[in-house]
Structures are given as C-alpha cells and as structure tokens.
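First the structure, in the form of structure tokens, and then the observations on it.
When a ligand or atom number is given, it counts from 1 through the structure's own listing order.
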Amino acid sequence: MLNIQSKLPKVGDTIFNEMSTLALQHQAINLGQGFPDYQPPEALLEEVCQAIRRGPNQYAPMAGIPALRAAIASKVQAQHGVTYQADTEITVTSGATEALASSILALVHAGDEVILIDPAYDLYAPVIELAGGVPIRVPLRVPSPENPQFQLDWNAIEAVIRPSSRLLVLNFPHNPTGITLKEADLDALETLLAHSRLLLLSDEAYEHIIFDGRVQYSPVSRPQLAARCVLVSSFGKTFHATGWKVGYCCAPAALMTEIRKVHQYAVYSVSTPVQAGIAAYLQQGAQLDALSGFYQQKRDRLAAGLQQTILRALPSEGTFFLLVDASALGDLPEKTLSLRILHQCGVASIPVSAFYDDPHAPEANHRLLRLCFAKLDATLDAAIERLQTLRIA
Ligand code: PMP
Ligand code: GLN
C-alpha cells in the first residue's frame, strides 16, 4: 500500500461538485453550483470560433496575449480610474481560481496569517494552508430580524490584525451572501491598513453583477489601497462562459513579478484562441453594464416566486446568488435542509455552512441556503413551481 501523507487532510470533494452530482442523479433542477444554463453572447462566440479556425492556436505569451492585457488595462482604468501597465502589472490566468491560487502561493510565506471573512469561498483556506500560511477567519455579522443581511464588522477584523498578518482576502460582490462594499467600507479599510503591512487580495469575480444602481467599490480605486492590492476577476461570470476558465489579475509590478513566477510553472499560459476572441469582443465595446440589469430581472423573478413558498428570500445586492431562510422546514443543519429540498421537490441548493471552516459547527448553521439565479426564466419558473410544493415540517 502506498503511504501518502495528505497535504490537505481535511479537504474532500467540494460542495459544488457534490451537489451538482446529486442534482444529476436525482434529475433535480440545479440551483446549486453557480453557472448559467445559457450561452455566451453570439458575437463573442463568433470571435472565439474565428480565432480557433484561423489561429492563433499555439502557446500564448506567459502573461497573456498583449491585446487582451491592453483591453483589461482599459477596462479597469475606465471602471476604477487606476492605470495598470499591461506588460508588468496584468496577467491572464486560468480563471479567477488560478489568479487567486497563484497570488496566495506567491505572497504567503510559512507562518503568515491570512484573514478570511466567513462565510468564505471554498478555495482560499486550502491554498493558504498549501502555502504554509494560517487562515484566520472573522465572521460577518449574521442576519437578524432588524437587519436581514450579513454585515461586515471592521472592528472584528481590526481585532485580529497582528505583526504576523500578511494578507486580507476580500470578495465583493460576495459569494455566497450577495452583499457589496460601500464607500464607507473603503474608508474603514484605508484607516485599518494605514499602519499595517497587510496586503489585499480582492476577488471581484462578480464585479459586473451588482443591483439597484449600486456601483462596484473596488479597493483599487483608492491609491493607498491599490499600492498593496491584487485585483482578481473572471470572464466566466461576465460572459456566461464559466467553462472557458479565463480570468486575470492586476497588481503593482513588485507583486506581479512574484505572482507570475508561480503562474508560469503552474499553468504557463492560457488558451490562446479564447484570449484572442475575448480581446476582439472587448475591443468591439462589449456592453458589460447591461449585465446587472439582466441579472436583476432574474433575481426579482426568483424572489417574487419564492414569496409563494415557505422559504424566505434575503436581499441580494450583487452576484447571481440569493440566500433563502429555510427555517420553516425545521431547526436543522443546513446540509440536511438542502438535501431535504432536493429529495422532496427536486431542486438543488448550496448550504451556506459549506463556506465556513467547520460546516457542522452551530456558528456555521443559520438555516440558510444559496440559490443560483443564473438560469433561463423557464428554469427559474420550473424551480419555483417545485419549491411551492414544499410543506412546513
Ligand atoms: N471566486 C469566487 C468568489 C467565485 O465564486 C468563483 C467561481 N464561481 C471563483 C472565484 C472562480 O472563478 P473561475 O471560475 O473564473 O475560476
Ligand atoms: N464559484 C462557483 C460557485 O460558487 C463554483 C465553482 C466551482 O465549482 N469550483 O458556485
């Protein structure tokens, strides 16, 4: 027998894989794992297909094709007023996943503490551990009758900052809660970081999906914060193309030099024709602003339908997720609630507890489930119809 000592003994199959597999087995409507059930824009498909037919089809430059890096520089400049040099400060990555992993592996040293905000996307903690770092998890304030949303608690974050703290990971619009950053949060962050050596990793995978006229307040819009921040995003969400796995990161050259050292040996470079197609599409003036309206309509459709169910929808300010309170089904662990809904009416969801260190802990279980509304209206309507059959326990 091979005697392998696991580097990640606590890690199993991700909740996203687990619930998608169960959804297939039970022929359930999958509102669990976050991916659209519709195609990317036609003009983008055309550009990518043309690039595949005519080339380029050989290795891209390690940091990404120049046209795409230039298009990312223009996009970020227009959004946040910050200039990144395409040759030294922008790297095209294999999804936001690789941008996050390469950044953490490059910047976190053994013993460094990395602050995560719980509930936290599942990737961060295991990669921090691979880097020899120590995740320090600070919870969001949980929803209450007076305030039905999760809330940032800057005092709690300040309380864990120590000389060994190296990195603070932010993710807004936030998966899974759908909360967003406000201008006052950037003020708080500036004050907090003024006297620390903390770097920032800002996962903005859902940057273009933000509702009710809100704007995406990125830390990179503040020069003091941009000087120590890695900005990460993904074309997967923005272009309904999660399977293409193309994302990017932007950071000051001193940080990017180190990130590229990991990127070049983990991945080297990313699909050349897909990069070329995305670059051409962005150059055509892709209407990224329209995405928020597109998803707001879907959020509202799902939330309205849920009013006729025993589930209670929480507000969602961004992302393509909303949380539902499933307390009416009983005071049960979230995973049990999620499985009960899957078995009773054939709709898959994600328990929010999966985004905490210990999904079984009482502090991780608030009877909340995440539903993905990146679905055709017909899919949402069918899911609502099924959810309406749920009965109080
Ligand atoms: N960060 C967050 C918060 C995400 O939700 C996701 C995936 N949905 C990613 C990163 C990974 O993005 P990608 O699929 O581009 O690797
Ligand atoms: N980010 C997606 C979600 O939150 C899942 C991506 C994955 O399965 N790794 O649903």
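Relative ring orientation between Phe235 and Phe239 is described as parallel, the plane-to-plane angle staying below 30° on a 0-90° scale split at 30° and 60°. Ring-plane geometry between Phe16 and Phe355 is classed as perpendicular, the angle between the planes exceeding 60 degrees on a 0 to 90 degree scale with a lower cut at 30.
Ion pair Glu334/Arg340 not flagged as a salt bridge, since none of the NZ, NE, NH1 or NH2 atoms sits closer than 4.0 Å to an Asp/Glu carboxylate oxygen. A salt bridge does not link Lys375 with Asp37: none of the charged nitrogens is closer than 4.0 Å to a carboxylate oxygen.
Summary of contacts: the protein heavy atom closest to atom 9 (N) of ligand 2 is Tyr121 OH, 3.6 Å. Closest protein heavy atom to atom 8 (O) of ligand 2: Gln33 NE2, 2.7 Å.
Every pair passing ring pair (Phe, Tyr, Trp, His ring centres under 6.0 Å) that includes a residue from residues 316-349 is listed here, sequence neighbours excluded: His26-His343, Tyr206-Phe320, Tyr206-Phe321, Tyr295-Phe320.
Residue contacts with ligand 2 do not include Phe35, since none of its heavy atoms lies under 4.0 Å from the ligand. Heavy atoms of Asn175 approach ligand 2 to within less than 4.0 angstrom.
Taking His263 as the reference, nothing meets the ring pair (Phe, Tyr, Trp, His ring centres under 6.0 Å) condition, with sequence neighbours excluded. Remark: Tyr38 pairs with His240, Phe294 by the ring pair (Phe, Tyr, Trp, His ring centres under 6.0 Å) rule, at least two apart or across chains.
Counting heavy atoms closer than 4.0 Å to ligand 2, residue Met19 contributes nothing at all.
The Phe16 neighbourhood of ligand 2 comprises atoms 3 (C), 4 (O), 5 (C), 7 (C), 8 (O), 10 (O), with distances under 4.0 Å to a heavy atom of that residue.
At least one N/O-N/O distance between Gly34 and ligand 2 falls below 3.5 Å. Of the N or O atoms in Arg370, one or more lie within a sub-3.5 Å distance of an N or O in ligand 2.
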As a test of reading the model: which N/O atoms of the protein lie under 3.5 Å from N/O atoms of ligand 1, and at what distance?
from	atom 1	to	atom 2	distance (Å)
ligand 1	1 (N)	Asp203	OD1	3.4
ligand 1	1 (N)	Asp203	OD2	2.6
ligand 1	5 (O)	Asn175	ND2	2.8
ligand 1	5 (O)	Tyr206	OH	2.6
ligand 1	8 (N)	Tyr206	OH	3.1
ligand 1	8 (N)	Lys237	NZ	2.0
ligand 1	14 (O)	Lys245	NZ	3.2
ligand 1	15 (O)	Ala96	N	2.9
ligand 1	15 (O)	Ser234	OG	2.6
ligand 1	16 (O)	Ala96	N	3.2
ligand 1	16 (O)	Thr97	N	2.9
ligand 1	16 (O)	Thr97	OG1	2.5
ligand 1	16 (O)	Lys245	NZ	2.6

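Side-chain atoms of Arg260 come within 3.5 Å of backbone N or O of Ile90 as a donor-acceptor pair. With hydrogens and angles disregarded, no donor-acceptor distance shorter than 3.5 Å links the side chain of Ser165 to the backbone of Glu113. Asn57 contributes a side-chain N or O that, together with a main-chain N or O of Ile52, makes up a donor-acceptor pair within less than 3.5 Å.
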